[in-house]
Number of protein chains: 2
Amino acid sequence: MMEHAQEALFRPVRAGNAFEETVERLMQSIRLGVVAPGERLPSERELATRLGVSRVTVREAIRSLQENHYVESRRGRYGGTFVNEVLPKSAPGKEFGDLHDVLTLRKVLETGAAETAAGRSLGPAERRGLRARLEEASTSSLVEYRRKDSRLHLAVAEATGSAALTAAVAESRMRANELLDHIPLLEPNLAHSNAQHERIITSILDGDPATARQAMAEHLDGTASLLRGFLV
Amino acid sequence: MMEHAQEALFRPVRAGNAFEETVERLMQSIRLGVVAPGERLPSERELATRLGVSRVTVREAIRSLQENHYVESRRGRYGGTFVNEVLPKSAPGKEFGDLHDVLTLRKVLETGAAETAAGRSLGPAERRGLRARLEEASTSSLVEYRRKDSRLHLAVAEATGSAALTAAVAESRMRANELLDHIPLLEPNLAHSNAQHERIITSILDGDPATARQAMAEHLDGTASLLRGFLV
DNA sequence: CGCCAATGGCTCGCAGACATACCTTTGGAG
DNA sequence: CTCCAAAGGTATGTCTGCGAGCCATTGGCG
């Protein structure tokens with residue numbers, strides 16, 4: 001009865017408890033640079049509503065982030081929970097999961113996103129957003145690079161106009177970043193990466209799906225082989 | 001702070017409660033044909049373990065499927081919960097969600113899966129599996145077609161060797177099927193579909209990624225335009 | 001200067017989900 | 001014919017998470 005498909009369908013319904021999943025989401029929004037250092041998270045009440053979780057759970061999650069020095073909270077009107085300027089290094093990774101699994105899904109999602117985005121007629125705001133992210137990434141320092149890189153790739157996913165695809169890319173990127181945090185980031189790689197970014201964004205803005213896909217594929221293959229090399 | 005990516009990251013952490021999600025999973029395994037009519041579901045204890053949910057919750061979910069005449073349970077050794085030969089028609093759909101969203105993600109995932117599968121060296125078992133699913137679908141009756149079609153597409157996803165990708169395809173297909181259940185399935189479409197399936201599987205078995213991707217893209221575009229037409 | 005809206009901080013009772021244990025039924029193996 | 005392993009059926013106590021309400025703090029607005 002299709003033994004292998006069962007592994008997918010009968011996988012755990014819950015990745016963890018509500019608390020753990022909430023921590024994970026907030027962590028993602030910070031690590032992927034969606035909420036930048038110095039910026040404020042949505043209020044506890046708003047997060048509770050949007051995440052579909054009680055405010056108590058949100059608070060416990062935020063407390064956990066505070067203890068790990070990711071955020072600080074201030075009371076009073078115009079207070080809130082703010083992302084720290086200096087972020088802790090990620091905890092020494094657990095397991096390298098299934099490398100093939102992560103890289104396969106990432107490539108499928110992101111090359112597909114690039115192609116789809118290039119095939120759409122983008123509004124002025126979207127075009128500006130893409131250019132801004134490209135600029136951000138190319139002028140970024142080494143320490144900020146991973147975050148700015150993720151913001152750029154997320155912007156590409158957003159440009160497809162599919163929320164589900166954006167969510168899938170965010171999830172996939174988070175898993176890939178866990179691996180990438182364990183290999184060194186060198187200046188030459190960064191320069192190369194920037195050149196590839198330029199080509200990806202240009203072909204999307206020019207409405208050239210085939211080139212966008214190919215450029216993204218090459219870009220991803222680059223880091224994929226770096227990973228395969230370092231993690232043996 | 002990247003307003004749109006927030007929609008993805010701050011989406012609800014839970015699609016529903018444990019009971020609802022469990023029903024959803026079991027339903028998927030039946031509707032996608034992963035467990036065929038007459039076949040037995042894994043035991044309650046095994047499902048509880050694999051789904052990461054208590055046995056009580058599994059039983060409540062199964063009870064719900066019984067009441068809707070999807071399955072019947074028999075006690076005693078060699079008993080279990082069996083999928084009924086005649087399945088109820090799907091409940092009249094709720095909302096058409098975001099059509100663009102569903103179709104975009106489906107196309108990205110499935111064309112990517114086809115390309116990836118074609119780029120791998122498949123084992124004899126996998127090759128046989130793909131041929132078997134193709135045969136199944138092509139000789140299927142109208143009433144069984146959707147299920148057999150899903151089995152074939154899931155087999156393609158499995159052939160990528162990525163569990164995460166297979167899970168994503170299953171999820172996406174389920175959402176697409178909810179829409180497809182509301183449009184008629186006609187003989188000519190079916191014949192056309194079978195021809196496309198043939199081409200997809202052949203190019204995967206031949207190790208031709210570009211053709212596999214293109215064939216899958218055409219196949220999906222066919223049903224996509226059907227959908228867009230019928231649902232206005 | 002005082003008000004007050006919006007934010008984080010806190011508590012308590014209820015419902016859902018869980019773990020665990022035990023009971024009942026069934027049909028093949030010995 | 002008997003035994004018993006494996007499956008579904010049932011019951012109970014615990015704990016997590018939720019909802020709802022209230023308190024404490026802060027800084028801009030009138």
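In what follows, every chain begins at residue 1, and chains take the letters A, B, ... in the order their sequences are listed.
- Here the side chain of B:Arg40 is nearest to one of D:dA7, C:dC18, C:dG9, namely D:dA7.
- Legend: residues meeting salt bridge (Lys or Arg N to Asp or Glu O under 4.0 Å) with B:Glu60, ordered by chain and number and at least two apart, are absent.
- The nucleotide whose nearest atom lies closest to any side-chain atom of B:Val53 is, among D:dG17, D:dG8, C:dC18, C:dC18.
- As rounded to whole Å, 13 Å separates atom P of C:dT11 from atom CD of A:Glu60.
- Within the structure, ring pair (Phe, Tyr, Trp, His ring centres under 6.0 Å) pairs that include any residue of residues 120-158 of chain B comprise B:His153-B:His197, B:His153-B:His219 (at least two apart or interchain).
- B:Glu44 meets the salt bridge (Lys or Arg N to Asp or Glu O under 4.0 Å) test with B:Arg55, B:Arg59; sequence neighbours excluded.
- If you check the side chains of A:Ser150 and A:Asn177, you find a donor sitting under 3.5 Å from an acceptor.
- For A:Arg59, counting side-chain heavy atoms from C-beta on, the closest listed nucleotide (C:dC18, C:dG9, D:dG8) is C:dG9.
- Across the protein-nucleic acid pair, A:Glu44 atom CD and D:dC18 atom P stand 14 Å apart, rounded to whole Å.
- Counting to the nearest Å, the P atom of D:dG19 and the CG atom of A:Leu51 are 13 Å from each other.
- If you find the closest nucleotide of DNA chain C to B:Asn17 and to A:Gly80, the one lying nearer the 5' end belongs to A:Gly80.
- Of the candidate nucleotides D:dA11, C:dG8, D:dG8, D:dA11 has the atom lying nearest to any side-chain atom of B:Val56.
- Going from atom CD1 of A:Ile62 over to atom P of C:dT7 covers 12 Å, rounded to whole Å.
- Mapping A:Ser43 and A:Arg14 onto DNA chain C by nearest heavy atom places A:Ser43 closer to the 5' end of the strand.
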Considering only nitrogen or oxygen atoms on both sides, find all protein atoms under 3.5 Å from nucleotides 27-30 of chain D and state each distance.
none

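- Using a 4.0 Å heavy-atom distance criterion, B:Arg55 is classed as a base contact.
- Interface remark: the B:Arg75 side chain does form a donor-acceptor pair with the C:dT24 base, using a distance-only criterion of under 3.5 Å.
- Rounded to an integer number of Å, the gap from CZ of A:Arg45 to C1' of D:dC23 is 11 Å.
- The interatomic distance linking A:Leu47 (CG) with C:dG9 (P) rounds to 13 Å, in whole Å.
- A donor-acceptor contact closer than 3.5 angstrom is absent between the side chains of A:Ser140 and A:Arg151.
- Side chain of B:Ala18, nearest nucleotide from C:dA17, D:dC18, D:dA7: C:dA17.
- Between A:Thr57 and D:dT16 there is no side-chain N or O to OP1 or OP2 distance below 4.0 Å.
- Partners of B:Arg120 according to the salt bridge (Lys or Arg N to Asp or Glu O under 4.0 Å) rule, which considers only residues two or more places apart in sequence or in another chain, are B:Glu126.
- For A:Glu72, the side chain to side chain contact (heavy atoms under 4.5 Å, CB included) partners two or more places apart in sequence, or in a different chain, are A:Asn84.
- With hydrogens and angles ignored, no donor-acceptor pair closer than 3.5 Å exists between the side chain of A:Arg74 and the base of C:dG8.
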